[in-house]
Peer 1: 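Before I ask anything, here is the structure I am working with.
These numbers come from the heavy atoms of this one structure, side chains and all, not from hydrogens, waters or symmetry mates. Fair warning: this is a prediction, and the values are worked out from it, not measured in the lab.
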Amino acid sequence: MEIVQAYPYLMERAMRRMRQVTHQAFAEAGLDITAEQWVVLYIIHDGNGLSQVEITELAFKDAPTVTRIIDNLVKKGWVFRQMGTEDRRKFELYMTKEGSEVVEKLLPIVMALRQQGINDLSASDLRILKKVLNRIYTNFDTGE
């Protein structure tokens with residue numbers, strides 16, 4: 001039973017360490033941004049004009065969390081909301097020039113950190129890791 005209980009702990013420990021290192025690197029780059037904010041900012045950068053619902057799905061976060069993150073990104077002047085072009089009840093999110101500059105500054109840092117995280121893993125290790133993580137995810141599939 002001890003082994004089964006260790007896996008969630010080890011996954012959470014790895015994710016927590018990744019968030020800590022990412023936050024530290026962002027602070028060293030002189031930017032006040034969290035790893036969660038980065039994910040949403042990058043999604044908006046990658047898909048300018050997405051709705052908040054689409055961003056919520058892509059970020060694997062709940063709607064209130066994404067709303068809070070977007071509000072923070074808007075306050076920082078990195079993104080802006082615009083009434084939907086096809087559905088006026090929905091807002092679309094777009095990058096500002098400042099937001100694009102933040103992404104350009106942080107993307108190399110994020111890519112280097114991701115590489116650091118997998119440095120000593122072989123291609124086979126990475127395939128297995130991907131397969132195992134996807135299997136764990138689908139084991140909890142709720143059918144939504």
Peer 1: Report yes or no: do Val21 and Val39 belong to one cluster of Ile/Leu/Val/Met/Phe/Trp/Tyr joined by side chain heavy-atom distances under 4.5 Å?
Peer 2: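 Yes, same cluster.
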Peer 1: Check Glu12 with Arg19, please: is the shortest side-chain N to carboxylate O separation under 4.0 Å?
Peer 2: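 Result for this pair is yes, salt bridge flagged.
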Peer 1: Just checking, any donor-acceptor pair under 3.5 angstrom between side chains of Gln24 and Glu28?
Peer 2: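 A donor-acceptor contact under 3.5 Å links the two side chains.
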Peer 1: Can you see which heavy atom on Leu50 is nearest to which on Gly47, and at what distance?
Peer 2: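 In terms of heavy atoms, the two residues are closest at CG-O, 2.8 Å.
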Peer 1: Measuring from atom CD of Gln37 to atom CG of Leu106, what distance do you get when rounded to the nearest 0.5 angstrom?
Peer 2: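 Output value for this atom pair is 11.0 Å.
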Peer 1: Strictly distance-based, threshold 3.5 Å: is any side-chain N or O of Glu54 a donor or acceptor partner for the main-chain N or O of Ser51?
Peer 2: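 Between the backbone of Ser51 and the side chain of Glu54 there is a qualifying donor-acceptor contact (under 3.5 Å).
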Peer 1: How close do Leu41 and Gly99 get, heavy atom to heavy atom, and via which atoms?
Peer 2: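 For Leu41 and Gly99, the tightest heavy-atom pair comes out as CD2-O, 4.4 Å.
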Peer 1: Decide yes or no for Gln20 and Arg17: does some side-chain heavy atom of the first lie under 4.5 Å from some side-chain heavy atom of the second?
Peer 2: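 Of all side-chain heavy-atom pairs linking Arg17 with Gln20, at least one is under 4.5 Å.
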Peer 1: Cluster question for you: counting only ILVMFWY and a side-chain heavy-atom cut-off of under 4.5 Å, with indirect links fine, are Phe140 and Phe60 together?
Peer 2: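 Result: no, two separate clusters.
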Peer 1: Closest heavy-atom contact between Gly77 and Thr96?
Peer 2: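 It is O-OG1, 2.6 Å.
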Peer 1: Going by heavy atoms in the side chains, are Phe80 and Phe91 under 4.5 Å from each other?
Peer 2: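 A side-chain contact under 4.5 Å is absent here.
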Peer 1: Of all residues at least two apart in sequence or in a different chain, which pass the salt bridge (charged side-chain N to carboxylate O under 4.0 Å, His left out) check with Arg135?
Peer 2: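 Counting only residues at least two positions away or on another chain, Arg135 forms no salt bridge (charged side-chain N to carboxylate O under 4.0 Å, His left out).
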Peer 1: Check whether Lys76 reaches the backbone of Asp32 with its side chain - one donor and one acceptor, N or O, closer than 3.5 Å.
Peer 2: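 Yes, the answer is positive, given that a donor and an acceptor are paired below the 3.5 Å cut-off.
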Peer 1: Within the structure provided, determine whether Val103 and Asp46 are in side-chain contact (heavy-atom separation under 4.5 Å).
Peer 2: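 They are not in contact (no side-chain heavy atoms under 4.5 Å apart), so the answer is no.
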Peer 1: Counting only N and O atoms by type, is there a donor-acceptor contact under 3.5 Å from the side chain of Asn134 to the main-chain atoms of Lys130?
Peer 2: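 Yes, Asn134 side chain to Lys130 backbone: donor-acceptor pair under 3.5 Å.
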Peer 1: Val102 and Tyr94: same hydrophobic cluster, using ILVMFWY side-chain contacts below 4.5 Å?
Peer 2: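 They do not share one cluster, since no chain of ILVMFWY contacts under 4.5 Å joins Val102 to Tyr94.
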Peer 1: Quick one: does any side-chain atom of Thr138 pair with a main-chain N or O of Asp141 as donor and acceptor, under 3.5 Å?
Peer 2: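 Pair absent, no side-chain N/O of Thr138 close to backbone of Asp141.
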Peer 1: Going by an N to O cut-off under 4.0 Å, is there a salt bridge joining Lys105 and Glu101?
Peer 2: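 Salt bridge flag = no for Glu101 with Lys105.
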Peer 1: Val40, Met111: one ILVMFWY side-chain cluster at the under-4.5 Å cut-off?
Peer 2: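 The answer is yes; both residues are in one hydrophobic cluster.
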Peer 1: Is it true that Met11 and Ile128 fall in one hydrophobic cluster, defined by side-chain heavy atoms closer than 4.5 Å?
Peer 2: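 Looking at the clustering, Ile128 is in the same group as Met11.
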Peer 1: With a cut-off of 6.0 Å (strictly less than), are more than 12 heavy atoms of other residues, nucleotides or ligands near CG of Asp120?
Peer 2: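 It does not: Asp120 CG has 12 such atoms or fewer within range.
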Peer 1: Can a donor-acceptor pair be found, under 3.5 Å and without considering hydrogens, that links the side chain of Asn48 to the backbone of Met95?
Peer 2: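 Side chain of Asn48 to backbone of Met95: a pair is present.
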Peer 1: At what distance, to the nearest 0.5 angstrom, does CG of Leu107 lie from NE2 of His45?
Peer 2: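 It is 8.0 Å, given to the nearest 0.5 Å.
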Peer 1: Once you round to the nearest 0.5 Å, how far does CD1 of Ile70 lie from NZ of Lys75?
Peer 2: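 Atom-to-atom, Ile70:CD1 and Lys75:NZ are 13.0 Å apart.
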Peer 1: State whether a side-chain donor-acceptor pair under 3.5 Å links Gln52 with Thr67.
Peer 2: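 Present: a donor and an acceptor within the cut-off.
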Peer 1: Any side-chain to backbone donor/acceptor pair from Thr22 onto Met18? Under 3.5 Å, distance only.
Peer 2: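 At least one qualifying donor-acceptor pair exists.
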Peer 1: Side chains of Phe26 and Thr34: closer than 4.5 Å at any heavy-atom pair?
Peer 2: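 Phe26 vs Thr34: side chains apart.
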Peer 1: What's the spacing between Ile69 CD1 and Ile55 CD1 if we round to 0.5 Å?
Peer 2: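 Atom-to-atom, Ile69:CD1 and Ile55:CD1 are 10.5 Å apart.
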Peer 1: To the nearest 0.5 Å, what is the distance between CH2 (Trp38) and CG (Leu31)?
Peer 2: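 If I round to the nearest 0.5 Å, the distance is 10.0 Å.
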Peer 1: Quick check: does any side chain N or O of Thr56 sit under 3.5 Å from a backbone N or O of Lys61, one acting as donor and the other as acceptor?
Peer 2: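 Checking the backbone N and O of Lys61 against the side chain of Thr56, no donor-acceptor pair under 3.5 Å is found.
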Peer 1: With heavy-atom distances below 4.5 Å as the criterion, would you say the side chains of Trp78 and Ile33 are in contact?
Peer 2: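 SC-SC contact between Trp78 and Ile33 confirmed.
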Peer 1: As an exercise, state the distance from CG of Leu113 to CD1 of Ile118, rounded to the nearest 0.5 Å.
Peer 2: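 The distance works out to 12.0 Å.
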Peer 1: Can a salt bridge be assigned to the pair Asp71 and Arg81 using a cut-off of 4.0 Å between side-chain N and carboxylate O?
Peer 2: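 Result for this pair is yes, salt bridge flagged.
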